[in-house]
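Working notes, structure below.
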Amino acid sequence: GQKASVLLEELGIPYEVKAIDISKNEQKEEWFLKINPNGRIPAIVDPNNNDFAVFESGALMLYLVDKYDKDHKISYPQGSDHYWELVCWLFFQNAGVGPMQGQANHFFRYAPEKIEYGINRYQNETRRLYSVLENRLKQNGDWLVGDKITIADIANFGWVNMAFWAGVEIEEFPLLNAWVDRINAREAVKRGLDVPTKFTFKDDYKDKAKAEALAKEASAWVVKNQEEDAKKKYNSQQ
């Protein structure tokens, strides 16, 4: 969810926040499903466009820069080569880093039984994807596209910034590590990370005992939801 708030802060767009408590399944309530039928965060409703709703982080980011980044502060003109490079790296996160690191999180932190194959499979794939980002930075310089931070950086940063939770050592990738530090140092990013509450997760859960306690609590919630989903009957009338 931090992608949306970081992007809004970078663009200086006023916005209101509605925190969604996923531990209480608020994302599955009818009012939220009207905004995002998939029941996931982040999602936005644009009051400047007849309360138009946008879900899926990649679509949300493209929408916001199209509507509100006319000076291309963190984007490039549509149709330009840099624009299409940006789209490539945005989809790289949506189709690669997010799903693979998400599974690494699950098997490393949340799965009720430790399955080494699953842990190794997704941690190694996350590392491979990080190596792609590392090579890109080696070729391009400070940022993934062009000579400035863009939504491609913001999208991938949201995951790489949390590498430790997936059990991946980012220090293996020095350019990527420096890129994370460079983004974390931006004032707009600091403000965006603190939405909806102050972001202390990385500091709080470097303690192994605290991390294990949180993972155990989250695991119980994940398993409960999986069991409930397995019992549901899906049809075109639902």
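For the single chain, residues carry numbers from 1 onward in sequence order. In this text the structure is predicted, and so the values were computed from the model without any measurement.
For the pair His72 and Pro77, the tightest heavy-atom approach, listed with the atom from each and the gap, is CE1-CA, 3.5 Å. Contact between Asp153 and Lys148 at its shortest, heavy atoms only, is OD2-O, 3.8 Å. Of all the heavy atoms in Trp179 and Asp142, the pair that sits closest is CD1-O, 3.3 Å. Summarising the geometry of Lys202 relative to Asn161, their closest heavy-atom pair is NZ-OD1, 2.8 Å, with the distance given to 0.1 Å. Among all heavy-atom pairs drawn from Thr150 and Val145, the shortest one is CG2-O, 4.2 Å. Of all the heavy atoms in Phe55 and Ala59, the pair that sits closest is O-CB, 3.6 Å.
The backbone N or O of Lys28 sits nowhere less than 3.5 Å from a side-chain atom of Asn25 that would complete a donor-acceptor pair. Although no hydrogens or angles enter the test, the distance criterion places no donor-acceptor pair under 3.5 Å between the side chain of Gln123 and the main chain of Ala104. Listed for the Ser219 side chain is no donor-acceptor partner under 3.5 Å among the backbone atoms of Lys216. For the pair Lys3 (side chain) and Pro42 (backbone), a donor-acceptor distance under 3.5 Å is absent. A distance-only check finds a donor-acceptor pair linking the side chain of Gln101 to the backbone of Trp159 [under 3.5 Å]. Put simply, the side chain of Asn156 gets close to the backbone of Ala152: a donor and an acceptor are under 3.5 Å apart. Between the Asn50 side chain and the Phe52 main chain, no donor and acceptor come within less than 3.5 Å of each other. Thr200 places no side-chain N or O within 3.5 Å of a backbone atom of Asp203 that could act as its donor or acceptor partner. Using modelled atom types, no side-chain atom of Asn36 and backbone atom of Ala43 make a donor-acceptor pair closer than 3.5 Å. The backbone N or O of Ile20 sits nowhere less than 3.5 Å from a side-chain atom of Glu26 that would complete a donor-acceptor pair.
The shortest side-chain heavy-atom distance between Arg109 and Leu214 does not fall under the 4.5 Å cut-off. Counting only heavy atoms from C-beta outward, the side chains of Val54 and Asp46 never approach each other to under 4.5 Å. A 4.5 Å side-chain heavy-atom check between Leu64 and Asp69 finds every atom pair outside the cut-off. Within the 4.5 Å cutoff, no side-chain heavy atoms of Glu134 are placed close to those of Lys138. Using a 4.5 Å cut-off on side-chain heavy atoms (C-beta onward), Asn94 and Ser57 make contact. Contact of the Arg191 side chain with the Val189 side chain is not registered, since no non-hydrogen atoms from C-beta on lie closer than 4.5 Å.
The CG atom of Leu144 lies 5.5 Å from the CG atom of Leu137; values are rounded to the nearest 0.5 Å. Once rounded to the nearest 0.5 Å, the distance linking CG of Leu133 with CZ of Phe173 reads 9.0 Å. Asn48 contributes atom CG, which lies 9.0 Å from atom CD1 of Ile13 (distance to the nearest 0.5 angstrom). Once rounded to the nearest 0.5 Å, the distance linking CD1 of Ile149 with CD1 of Ile183 reads 4.5 Å. Atom CD in Glu56 sits 12.0 Å away from atom CG in Leu62 (nearest 0.5 Å). Annotation: the span from Tyr122 atom OH to Phe107 atom CZ amounts to 5.5 Å, rounded to 0.5 Å.
No chain of hydrophobic side-chain contacts below 4.5 Å, direct or via other Ile, Leu, Val, Met, Phe, Trp or Tyr residues, connects Leu33 to Ile35. Hydrophobic clustering (side-chain heavy atoms under 4.5 Å, transitive across Ile, Leu, Val, Met, Phe, Trp, Tyr) groups Val6 together with Val17. Note: the hydrophobic cluster containing Val65 also contains Tyr63 (ILVMFWY, side chain heavy atoms under 4.5 Å, direct or indirect links). With hydrophobic clusters built from ILVMFWY side chains whose heavy atoms lie under 4.5 angstrom apart, Trp143 shares a cluster with Val132.
With respect to Arg136 and Glu85, a salt bridge is recorded, a charged nitrogen being found less than 4.0 Å from a carboxylate O. Taking 4.0 Å as the cut-off between side-chain N and carboxylate O, Glu9 and Arg186 do not count as a salt-bridged pair.
Surrounding CD of Glu217 are at most 12 heavy atoms belonging to other residues, nucleotides or ligands under 6.0 Å away. No more than 12 heavy atoms of other residues, nucleotides or ligands lie within 6.0 Å of CG in Asp71, so this atom counts as exposed by the packing criterion. Other residues, nucleotides and ligands contribute over 12 non-hydrogen atoms within 6.0 Å of the CZ atom of Phe164. Asp81 CG: 12 or fewer foreign heavy atoms inside a 6.0 Å radius.
At least one test fails for Lys73 against the ring of Tyr68: distance under 6.0 Å to the centre or angle within 45° of the axis. For the pair Lys114 and Phe108, the cation-pi criterion (under 6.0 Å, within 45° of the ring axis) is fulfilled.
Under the salt bridge (charged side-chain N to carboxylate O under 4.0 Å, His left out) criterion, Arg40 pairs with no residue at all, not counting sequence neighbours.
Here ring-ring contact (aromatic ring centres under 6.0 Å, His included) pairs that include residues 191-212, with residues two or more places apart or in two chains, are Trp165-Phe201, Phe201-Tyr205.
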